[in-house]
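The first residue of the sequence shown is numbered 1, and numbering continues consecutively from there. All heavy atoms count here, side chains included; hydrogens, waters and symmetry mates do not. The structure displayed is predicted, hence computed values, not measured ones.
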Amino acid sequence: MFNSNNSMPLCPHCLRKLKLGGLKFYCVPDEDNRHEVRLSLADRIKGRLPVCRKSFCKNHGLTIREAVCKQCGEQIPPQFLFHDKFLSFCAVGVSGAGKSSYMTTLLHELKYSGLPWVLQAMDIETTRRAQQNEQYIYEERHCLQGTEAGVSPRPQLWTILDNSTKGEKIPTYAMTIYDGAGEDCEHIDYTPLDAKISRYLSGARMLLIMFDPLLLSNVRMEISHETLNTSMATERQTSAPANMVSMVNSLSNYIRRACNIPPGKRIDRRAAVVLTKLDTLGEMLNGFSSDATILKASPHIQSKGFVESDSEMVDLEIRDWLTRQGETAFLGAIDANFRDVRVFGVSSFGRPPDLYKRLAKIRPHRVLDPLMWMLACEGIIPIRN
């Protein structure tokens, strides 16, 4: 039953507030007989989905299977409204930063982490994309290609069933994942695509700002050409520091315009700055020390909570490393624009691809840390010292 006392859900496409009466419902017995089903007065009072009442329909008496937002006309899984909490995050970064690979390994690890959660896709598109990417990485052992510039993938819609609670009714969380299209986030402008990205950015509860260390000139000088060539999805000719600072400033300005936030006020969004491809930095003399916390296994899963002390140490270690690489401008831009910032380091694969860009056995490192931070901030998992 839809509980109107819950936090109000947003349409995952147009990001407008969504109510039961804001949807059109359809019965789809087959492709040629799709017909609208209206809410009855009892449906509205009880906050429930309607059933087909068409006398000769083979789905007569069955709950509808399809819903559409009245505002934007996009399809929404009917069960989307019926969750206890609504979580959303948007992954942004320059092309080749590893967003798609990271999302694939994050979802895979979430499924098989041993946490008392069951992850379920809400729609066919989310299922198809997840299965395709997972097969490509985990079974075929290939690197994913970078997201095509100018294309913004549809949001991924997931349900998390919290099986840690005993009883007939267990908590459910709707998790919406937005993928800001690669290079478009470096040069955000006023176009229909950018308007869509703007909605994703302004509607997300948390931003994942994916930061590829291989774009830094200091890193390029210290690691081998083989590691550089096999670990980059695209060739980058421009200077990395300017790209990253420009991206942060473009994102910040765009969010301020979309949300009417004054220039001097920090943006009220959690920003997880995620240093990707951590496995490539082992060759650096000026890298992380062998006993660094960031190189150790994450304690969050085992503790079934978010270990604050571990996350704070990782944040400090990466900030120190970025400072030594001359990236104070990037850190300054992040801290000046966002109210709540935490820095993370991850490896989607566990080791760089070989010379043919083939992957060894996938051993992700700390990929769930940013998500665990968001879940802790939302009160879903405990914060531990």
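Annotation: Asp30, atom CG; neighbour count of heavy atoms from other residues, nucleotides and ligands within 6.0 Å is above 12. In Lys111, the NZ atom is crowded: over 12 heavy atoms of neighbouring residues, nucleotides or ligands sit closer than 6.0 Å. Within a 6.0 Å radius of CZ in Arg358, other residues, nucleotides and ligands contribute more than 12 heavy atoms. Within 6.0 Å of CE in Met284 there are more than 12 heavy atoms belonging to other residues, nucleotides or ligands. Residue Lys169 qualifies as enclosed at atom NZ: its count of foreign heavy atoms under 6.0 Å is above 12. No more than 12 heavy-atom neighbours from other residues, nucleotides or ligands sit within 6.0 angstrom of CZ on Arg65.
Side-chain contact between Leu214 and Leu228 is present, with at least one heavy-atom pair separated by less than 4.5 Å. Contact annotation: the side chain of Val274 never approaches that of Ile209 to less than 4.5 Å [non-hydrogen atoms, C-beta and beyond]. For the pair Lys70/Leu23, no side-chain contact is recorded, criterion being any heavy-atom separation below 4.5 Å from C-beta on. Between Phe80 and Asp123, every side-chain heavy-atom pair lies at or beyond the 4.5 Å cut-off. You'll find the side chain of Leu18 reaches within 4.5 Å of the side chain of Cys69, heavy atoms only.
In this structure, the separation between CG on Asp84 and OG1 on Thr172 is 4.5 Å, given to the nearest 0.5 Å. Atoms CG and OG1, on Leu157 and Thr126 in that order, are 4.5 Å from each other to the nearest 0.5 Å. Considering OG of Ser55 and NE2 of His60, their distance stands at 6.0 Å, rounded to 0.5 Å. If you take CZ on Arg270 and SG on Cys377, they are separated by 4.0 Å, rounding to the nearest 0.5 Å. How far NZ of Lys361 is from CZ of Arg351: 12.5 Å, rounded to the nearest 0.5 Å. The structure places CD1 of Ile177 at 13.5 Å from NZ of Lys99, a figure rounded to the nearest 0.5 Å.
A continuous path of ILVMFWY side-chain contacts below 4.5 Å connects Leu110 to Met206, so both sit in one hydrophobic cluster. Transitive grouping of hydrophobic side chains (ILVMFWY, heavy atoms separated by less than 4.5 Å) brings Leu331 and Leu281 into a common cluster.
Note on ring orientation: taking the six-membered ring where Trp is involved, the planes of Phe344 and Trp373 are tilted (angle from 30° to 60°).
Across all non-hydrogen atoms, the minimal contact from Gly345 to Val314 is N-CG1, 4.2 Å. Of all heavy-atom pairs between Pro155 and Pro12, the closest is CG-O, 3.5 Å. Here the closest heavy-atom approach between residue Ser348 and residue Ile362 is recorded as O-CG2, 3.7 Å. The shortest heavy-atom contact between Ala121 and Thr127 is CB-OG1, 3.2 Å. The two atoms that bring Cys143 and Leu359 nearest to each other are SG-CD2, 3.7 Å, heavy atoms only.
With hydrogens and angles left out, the side-chain atoms of Asn218 and Arg324 include no donor and acceptor closer than 3.5 Å. In summary, the side chains of Asn385 and Ser309 do not present any donor paired with an acceptor at a separation below 3.5 Å, with no hydrogens or angles considered. Ser224 and Thr227 are linked by a side-chain donor-acceptor pair at a separation below 3.5 angstrom, with hydrogens and angles left out of the test. Judged purely by distance below 3.5 Å, without hydrogens or angles, the side chains of Thr176 and Gln156 never pair a donor atom with an acceptor atom.
Applying the salt bridge (charged side-chain N to carboxylate O under 4.0 Å, His left out) rule to Glu222 yields no partners; only residues at least two apart in sequence or on another chain are considered. With sequence neighbours left out, the side chain to side chain donor-acceptor pair (under 3.5 Å) criterion links Gln132 to Arg128. Residues satisfying the side chain to side chain donor-acceptor pair (under 3.5 Å) test with Gln302, not counting sequence neighbours, are none. Applying the ring-ring contact (aromatic ring centres under 6.0 Å, His included) criterion to His108, with sequence neighbours excluded, gives Tyr112, Tyr138. Residues passing the side chain to side chain donor-acceptor pair (under 3.5 Å) test with Arg129, sequence neighbours excluded: none. The salt bridge (charged side-chain N to carboxylate O under 4.0 Å, His left out) search around Arg34 returns Glu66, not counting sequence neighbours.
The residues Glu308 and Arg342 are annotated as salt-bridged, a charged nitrogen and a carboxylate oxygen being separated by less than 4.0 angstrom. Between Asp268 and Arg205, none of the side-chain N atoms (NZ, or NE/NH1/NH2) sits under 4.0 Å from a carboxylate O, so this pair counts as no salt bridge. Salt bridge absent: Glu317 and Arg319 never bring a charged side-chain N and a carboxylate O closer than 4.0 Å.
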Checking Leu144 against Ile137 for the side chain to side chain contact (heavy atoms under 4.5 Å, CB included) test, could you report, in this order, the C-alpha distance in whole Å, the side-chain angles of both residues, the deciding distance, and whether it holds?
CA-CA 7 Å; Leu144 294 175; Ile137 290 178; 3.7 Å; yes
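Taking the centre of each ring, Phe306 and His300 come in below the 6.0 Å mark.
For the side chain to side chain donor-acceptor pair (under 3.5 Å) with Thr159, the lone residue among His83, Gln79, Gln120 that qualifies is His83. For the side chain to side chain contact (heavy atoms under 4.5 Å, CB included) with Phe25, the lone residue among Leu49, Val68, Thr63, Asp43 that qualifies is Leu49.
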